Amino acid sequence: MPYNIVVCVKQVPDTTDVKIDPETKTLVREGVPSIVNPFDTYALEEGIRIRERAGGKVTVLSMGPPQAVEALKECLAVGADEAVLLTDRAFAGSDTLATAYALSLAIKKLGTDVVLCGKQAWDGDTAQVGPGVAEELDVPHATYVRKMTLDGGSAIVERLVEGGYERVRVPLPALFTVVKEINEPRLPSLRGKIKAKSAKIPVWGPQDIGADTTRLGLGGSPTEVVRVFSPEVRKRGEVLDMPASEAARYLLSKLEGVIR
Amino acid sequence: MKSPGLIIDTHVCTLCGSCLQACPFGALSTGDEGVVVDERCNLCSACLDACPVGAMSIQRAEKTGQGLPRAAESSDDIWVYAEHRRGKPAGVSFELLGAARRLARLPAAVAAVLLGHEVAGLAKDLIAAGADRVYLVEDPELKDFRDEPYTHVMAEVIKEHRPSVVLFGATSQGRSLAPRLAGRLRTGLTADCTGLEISEDGLLQQTRPAFGGNIMATILTRRARPQMATVRPRVMKRLAPDPSRTGEIIRPQVGRPFSSRAELLEFIEEAETVNLEDADIIVSGGRGLADPKNFGMLRELARELGGALAASRAAVDAGWVPYSIQVGQTGKTVGPKVYIAAGISGSVQHLAGMSSSDIIVAINKDPDAPIFKFATYGIVGDLFEVVPALIAEIRARRSRV
Amino acid sequence: MEPAYNEEQMMIRDLARRIAEEKVRPEAARLDEEEEFPYEILEVLKQSDLFAVPVPEQYGGLGMGVTETCIVVEELARACAGVAVTYAAGFLGSIPLVMFGSEEQKARYLPRIARGDLCAFALTEAEAGSDAAGIRTQATKDGDFYVLNGTKQWITNGGEAPIYTVVAVTDRSRGVRGASTFVVEKGMPGFTFGKKEKKMGIRSSATRELVFQDCRIPKENLLGREGHGYLITLKTLDRARPGVAAQAVGICENAVDLCVEYARTRRQSGQVISSFQAVQHLLADMATQTEAAKALLYQTTHYIDSGAQEYSKEAAMCKLFASDVAMKVTTDAVQVFGGYGYMRDYPVEKLMRDAKITQIYEGTNQIQRNVIGGALVKESARKGKRG
């Protein structure tokens, strides 16, 4: 049966180039391009595979600044059918609660059987938005999914837990956050990129999704960042430049109290 | 009431551009009228610190509580979600009780919340670990962790007893339950905290890494209650258990049904995922291993030390070992007593996953590998010689004992 | 320096580069060591539509030019020349069809090529390398068929490609006008392959003998007309030669990048070697020559794509220059790495082994000089007549 799939995607700064300058103690952000949050690419790939197997439609949804449309175009180039961008000053400064609220309204407007999210976002790393959206949508959810099989109106998933994994049956509609083990994301195709380049991506604001503006942005975010600082730097320890057997002996004598 | 946002005093601003560079979100640019702030700004205050002339200030949002629960009637109590897996208590719960004890100032009490079926026996361990009180809800429907019934019960108990703070382990349960629960309660949740403090006015100062660990952020939930946070295992220290401690066991009445749409079919154990986060000793391999079969040597060393095997992303991406043992930014975060990194260069992303290890031992033939900058003991050498030497030395010592 | 890419070229460059970095580079050393044909990488290239780049749109391709094709080759060559030549030789083998095929032939083959069916161009024989006119493979008309007999040597993609464009003699008495070009498919009766050659470099590329023993092919597989073989060959090689230059440029860029990174971190006498002028000068010359080769390459491809009818001289120049530069740059690269440069555990010696062939195939650099010299004289003579 065809499935209406929504994949939540976030555009994040590319990797590690945000640091504190140790001399001036201020943040320095190298001019790096933004990319689709790597974990979300696995969610998108899974959505496309579901569509390839059972039919349906994959819509990517992102909440972010206007530039996030680039991330959405990347997703179209990989194979998503449609994309929607939630952007407006009103959304700015949203923490995970406000973000989950806004995303859930957009998803309600789109209608869905399956919502897919990546495990967590590179920059915020909180991994909270997925379950938060499920709560707002009042649908069941499963996190850390490493394998997913859809069977009519429900999904059987394997989710990673400490010590192993659980097999869970989740009736649809439902939300899933996925881990890297689930698949190998495909690269965009040239035709996809060309098509995506000229794609018109609808942009929705608070009024388009019927949002209660007091629940958006800074005002709707119970948490706030009050300070940003450099992490404590681990200092260089002892460097041993000696033959292997000597190094082994030295090390083990140092670790005596710690290991049995 | 002024609208919330970043305020730039144009009389003071010298257009030096320091703030532009400092903004981690790229929200600042220069326009005809001076510095322009766009909607990416989320008032993190990095630019305030960077401005050499103090031209920047922040007008915080008035959170009048519309849509958020009022803070007024909460107690000062600090709660810990007492996680268990198939009846076995999770170590992180005891660590969080230790943290809660440290945070709680009289008259605030520390409590544990325990949900399950036939788990009352765990209450005394929770009390010994620092709980003054255990809120216990037992029901066959709560035997296994499932998101919906657990969210429902936690929400009801919290609404009734109004803690100031609720802490969860950043485990697969915690990271699934806490955000759903925070959504249910419309309150603030901060994930993966590495530091917790309580200020005089009862605000929980939540510190966590961001941008792959390149910066640290301190977060507050000023108004909404409870203040929720998840903390990774091995970050906080548990107290030595004191069986003489006494505490109350309270059984709140929670309205049924405790239904769950999701159905747990079975749990399947997998050897290599065994408790990387709980391990005291970890032996980890990276690109320098060069071949999957060389991991056998590391497994041997791990076995001799009674530790667990882990790997860097390079080894996982090369297909030598499964993702479940990957340590780092996009893998697991561990904090063992001893972390031995063999053939791992020590990128920031890897460090993000193991920096809270007590002792880091690095074995690498490249003396300029970044890992030597932060290893407690760095061995410059060929791991194919050093690892066997370590194994031999351990065996030699054991036979002497 | 980047040539002035338009948006589409930038897209192609980015996609090819991504594939090169994510899929090719991690495998390059192993493919070289094990002389393994890059099947999986070709699958990725297929999925990403990169084989469709040089095929006309009406046959399922993207209808792009030599410039775009060379961008793909260059980016792949940055990661592995063997993978790059597999793609580039596919392009080479398809050119006779694109330029000289009939509607029916194009409709039959080009959609397959756009989807990723590899091609191979078969001209060279044991006794006919630079002496292309000396080929002996015979194609004898027999009713509705041609019967091929003979052996082709050192054919890139031989044995792996499904589609071959083969030059054979149809009328020995007519000399240069006696050859014709045919399309032969793997699996046609009488068409087999010799062993895979063991090469100095581009070892992931498959190079084999093609053996025709009474191989019967339908007469509809004749490209153009009988006697057009050499014309088709010359035009094909002209169009494909920038592809070799692109391989060479890619190899150079990889070499320069690796050397600069190495020089920055390698310490001798208490300093990084990049602080020694001797090394800096080497690097400077390597980088400058690479830029020059790249500039000449894309100047040539733009010239071809702008509709030029005659570009033998230009194509020969860019191939000659880039390949000679690649040999020099990679030799110097080994030198920068010093002892480590000679060790197979380090990536540079492969680059030197890979670069050598660019001075040899698709016309040795001696032949290229002949072409250029001949063209210069011809041009001058034409001008002379007018004056």
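In what follows, every heavy atom counts, from backbone to side chain, and hydrogens, waters and symmetry copies are set aside. Because the structure is a prediction, the values reported are computed rather than measured. Residue numbering restarts at 1 for every chain, and letters A, B, ... go by the order of the sequence lines.
- Salt-bridge check for B:Glu148 with B:Arg146: failed, with every basic side-chain N at 4.0 Å or more from each acidic carboxylate O.
- Heavy atoms of B:Glu385 lying under 4.5 Å from chain A belong to its backbone as well as its side chain.
- Ranked by non-hydrogen atom pairs under 4.5 Å with chain A, the options B:Ile379, B:Asp144, B:Ile268 are led by B:Ile268.
- Heavy-atom distances place the backbone of B:Asp358, and not its side chain, under 4.5 Å from chain A.
- Residues A:Arg146 and B:Tyr323 bring no donor and acceptor atom of their side chains to less than 3.5 Å of each other.
- With chain B as the partner, the residue from A:Val170, A:Val133, A:Thr143 showing the most heavy-atom pairs under 4.5 Å is A:Thr143.
- Only the side chain of B:Thr207 comes within less than 4.5 Å of a heavy atom in chain A; its backbone stays farther off.
- Remark: the B:Thr171 side chain and the B:Glu83 side chain contain an N/O donor-acceptor pair separated by less than 3.5 Å.
- Of the two parts of A:Ser104, neither the backbone nor the side chain holds a non-hydrogen atom closer than 4.5 Å to a non-hydrogen atom of chain B.
- Residues A:Lys108 and A:Glu136 are not paired through a salt bridge, judged by the lack of any N-O separation under 4.0 Å between the basic side chain and the carboxylate.
- Contacts between B:Ile391 and chain A at a heavy-atom distance below 4.5 Å are absent for every atom of the residue.
- From A:Leu172, atom CG reaches atom CG of A:Leu150 across 6.0 Å, with rounding to the nearest 0.5 Å.
- A distance of 4.5 Å separates SG in B:Cys47 from CG in B:Leu6, rounded to the nearest 0.5 Å.
- A donor-acceptor pair is defined here as one N or O able to donate and one able to accept, closer than 3.5 Å; no such pair exists between the side chain of A:Arg167 and the backbone of A:Ile156.
- In this structure, no portion of B:Asn364 lies under 4.5 Å from any heavy atom of chain A.
- By number of non-hydrogen pairs under 4.5 angstrom with chain A, the leading residue of B:Arg184, B:Gln173, B:Lys337 is B:Arg184.
- Here A:His141 is the residue among A:Glu158, A:Arg249, A:His141 with the most heavy-atom pairs under 4.5 Å with chain B.
- Contact of B:Val387 with chain A is not made at all, since no heavy-atom distance falls under 4.5 Å.
- Between the side chain of A:Asp88 and the backbone N or O of A:Pro206 there is no donor-acceptor pair closer than 3.5 Å.
- Residue B:Gln227 does not touch chain A at all, counting heavy-atom pairs closer than 4.5 Å.
- No side-chain heavy atom of B:Leu189 sits less than 4.5 Å from a side-chain heavy atom of A:Thr223.
- Most heavy-atom pairs under 4.5 Å with chain A, from the set B:Ala217, B:Gly381, B:Ser176: that is B:Ser176.
- Ranked by heavy-atom pairs under 4.5 Å with chain B, the first of A:Pro140, A:Ala244, A:Ala100 is A:Pro140.
- Residues B:Thr230 and B:Pro179 have side chains not in contact (no heavy-atom distance under 4.5 Å, counting atoms from C-beta outward).
- Counting heavy-atom pairs closer than 4.5 Å to chain B, the top-ranked of the candidates A:Ala174, A:Ala134, A:Ala247, A:Ser245 is A:Ala134.
- In this structure, the portion of A:Val139 lying under 4.5 Å from any heavy atom of chain B is its backbone and not its side chain.
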